[in-house]
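Structure first, commentary second.
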Amino acid sequence: METDIQIVKDLTPRRFGRYGKAWVVFLSVIILASLLAYIQQLNKGLVVTEMRDYALWGVYISNFVFFVAISLVGSLITAILRLSGASWSTPLTRISEIIAVAAIFIAGLTIIIDMGRPERLWYLFIYGRLQSPIIWDVIVISTYLVISLLLLYFPLLPDFAILKMKYGKNSKQGVWYRRFSLNWKGTPKQKELYTRSIKILSVLIIPVAFGIHTVTAWLFATTYRPGWDSTNFGPYFIAGAFVAGAGAVVTIMFILRKVYHLEAYISDMHFDKMGKLLVLLCLLYLYFNINEYLVPAYKNTIGEAVHLEELFTGEYASLFWLVILGGLIVPIFVLLFPQGRKPVPVFLMGILVVVGAWWKRYLIVTPTLLHPFVPIQGVPESWHHYYPSGLEWTITFGTLAMALLIITLLVRYLPVIPIQETLEEKRVSETINQELK
Amino acid sequence: MSHLKHLFCFVVASLAVVFAAGTLYGQNSKHKARVSLAYMKIMPETSVLTVTAKYRGEEGFEPASGLDFEVFNVLQNDSLVALGNTKTNNEGTARFDLKRLRRANADSTGTYHYLVTSQEHPDFELVEKDISFKDATLTIRLTSDQEVHFLSAVLVDSFSGEVLEGLPLRVQVQRLFRPMRIGDEFIITDEDGSINVPIDPGIPGPNGNLTLEVILSDDEMYGSVKALTDAPSGTPITDRSGFDERSMWGSQSKTPLFLLTIPNLLILGVWGTILLLVLNLIKIYKSKI
């Protein structure tokens, strides 16, 4: 009983300290700056960006694909590991669900930012053609957002009830937790509905998650362009998304463990397991990368040759090799060894993977657009190159800050490790220990 | 006092020079438009006068657009009858419908005379141009011999009624972008003023109908004369356009049925499950025991 109280105490959301408040202010300032930049973009149009008729998708769409990729983590940790009976992942489920919700929300927002006339968003629903992959993306993103929210909310019900009791009915926080707990008392009927709903959600989110990444890949693969014209793009994107999502989880779980002193709940074992999972996913993604570059290089058609030369030895070579080596090869080598799967190296590799994942999306989107199969005649020289303007960077950093702020605020008010599940797992392990004695 | 007088004279002289220079410069800045006239008769009764105006600009000859012309009929006694006005378009071309030609408007040889004069324009000098032509009648007829279709045409001077021998006619079939020639480039009229051309079998047309044209083109005396006829001597076009079909490249209302059913069933299935889960939340909320 003592331990139960300790667990509840350890896992109860805590107020921001000095650093926490400074972090929120820091993120808010970036968001404010990006809002001002966005107002300027709204007033003057997309001409204030560096996007032109060639690079018509720039940093915004790269950023969108990155957030879509990160959001896959919700299905990986929560659904796939849950269904496969990997109980060690319990402390990581809430973190991954929070990341997934924040990422998919910002992904949707980024699409609106990329629109020159955002007030016409409604037209997508009125005039949208089901033949267009863009409509498939709109449908699947909104569906995935709702499922991710439900997958975050359902497992929170017992935790809200515990927090309601902890804070008391009369405190302000207690009132909110009571409302969100939906009268959770843990009755057999409630438990049955709860368990069944989570099972349904765990199964449902996997095809939808695969759908969102496949459809996002099809946005590119259904157009006839060098670098995109591939039948493998769907699995390639899914593999990349798993890597990015796992990288985000190990990074954030390290920070939360450090800030909230959760060493007893997120142990070295979790980093070791996540390190193994990450290295497996990186190897899978490396395989797809080799496939995506080797086959076109072997065929060496004119369009593909120009594109690959640009990546391997041309304008984007340094970025490309940094992404492949830093974001993939180095993490594989480090994480293959047990010493590399300690918390600090895993955290560092996680950062490398996430940063590499962002630039990888930039490399997927931009160079291809600069070398169309059917070039426009007489375009200005500047259209052959693209580098985001200061305004585009400000807005992009704003979306990154917004995602981090959503995660920060959710972490502030929600238990980052499921309390009820931790208590139950502890009881189960105690029962097994007693039986063994 | 004499200083003032000199100063006054100097100012007046300077102003006069500036004014004169400005006027001269203004006059010189006007372009000289080069006008050409062409006459075309489309059988049976349409006669059109085409005015083309251009000027030598910085990049060679450019169309003189927006130039107004008044069209006159010049009668035998040199009196002018104003027929109306026409204005050049962006390509420097203007068309004037002469309506039906009347014999009374021609001279004793059956020649018609027209005069075109430009109206005042800030960019162009005044210009006039005349044209004379005789009226010809071109009649065409379809015949067939053992499943081979022939197009016969006879060219006659309308005033004298004499057949016109030795004039080059062109036979063609109307197509979407430009006509397609049938037979030789030019077919010369024989002593009867006629030609007889076999129509190639297998020319596609809507429902097998072809619009055939016979043209006397830019003749010095008769201008251009064109006669048209519809002939059911082509091969019916099989419409292979999928415009009205449901397709992946069709509009919203032409979405393929499989794409309407399968994804919508999937969407309904997923959102139905989501609805079920939301209902479960409500059931949890209302659950007592």
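What you are looking at is a predicted structure, and each value in this text was computed from that prediction instead of being measured. Letters A, B, ... are given to chains in the order of the sequence lines, protein chains preceding strands, and every chain is numbered from 1.
Neither the backbone nor the side chain of B:L266 comes within contact range of chain A, judged by heavy atoms closer than 4.5 Å. Contact annotation for A:V140: neither backbone nor side-chain heavy atoms come within less than 4.5 Å of a heavy atom of chain B. In this structure, the portion of B:I267 lying under 4.5 Å from any heavy atom of chain A is its side chain and not its backbone. Both the backbone and the side chain of A:L130 have a heavy atom closer than 4.5 Å to some heavy atom of chain B. Looking at B:S253, there are no atoms closer than 4.5 Å to chain A (heavy atoms on both sides), in backbone or side chain. Contact of A:I200 with chain B is made through the side chain alone, with heavy-atom distances under 4.5 Å. For B:I282, no part lies near chain A; criterion is any non-hydrogen pair under 4.5 Å. For a residue to count as touching a neighbouring chain, one of its non-hydrogen atoms must lie under 4.5 Å from one of that chain's; by this rule A:I126 touches chain B with the backbone only.
If you take OG on A:S181 and OH on B:Y285, they are separated by 9.5 Å, rounding to the nearest 0.5 Å. Atom NZ of residue A:K189 and atom NZ of residue B:K283 lie 6.0 Å apart, to the nearest 0.5 angstrom.
Counting heavy-atom neighbours within 6.0 Å of A:E119 CD, excluding the residue itself, gives a total above 12. Around CZ of A:F105, the count of heavy atoms belonging to other residues, nucleotides or ligands within 6.0 Å does not exceed 12. A 6.0 Å sphere centred on CD of B:E91 holds no more than 12 heavy atoms belonging to other residues, nucleotides or ligands. Within 6.0 Å of CH2 on B:W271 lie more than 12 heavy atoms contributed by other residues, nucleotides or ligands. Other residues, nucleotides and ligands place no more than 12 heavy atoms under 6.0 Å from the NZ atom of B:K129. Around atom CZ of B:R95, no more than 12 heavy atoms belonging to other residues, nucleotides or ligands sit under 6.0 Å away.
Ranking A:L157, A:N183, A:L150 against chain B, the residue ahead of the rest is A:N183, based on heavy-atom pairs under 4.5 Å. Between chain A and the options B:P263, B:P256, B:G250, the largest number of non-hydrogen pairs under 4.5 Å is found for B:G250.
In this structure, the side-chain contact (heavy atoms from CB on, under 4.5 Å) partners of B:D218, at least two apart in sequence or on a different chain, are B:S224.
A:I147 places none of its side-chain heavy atoms less than 4.5 Å from the side chain of B:T273. Side-chain contact between B:I284 and A:F154: present, with at least one pair of heavy atoms (C-beta onward) separated by less than 4.5 Å.
Proximity of a side-chain donor or acceptor of B:Q252 to a complementary backbone N or O of A:R129 within less than 3.5 Å is not detected.
Listed by first and then second residue, the salt bridge (charged side-chain N to carboxylate O under 4.0 Å, His left out) pairs that reach into residues 255-276 of chain B come to none, sequence neighbours excluded.
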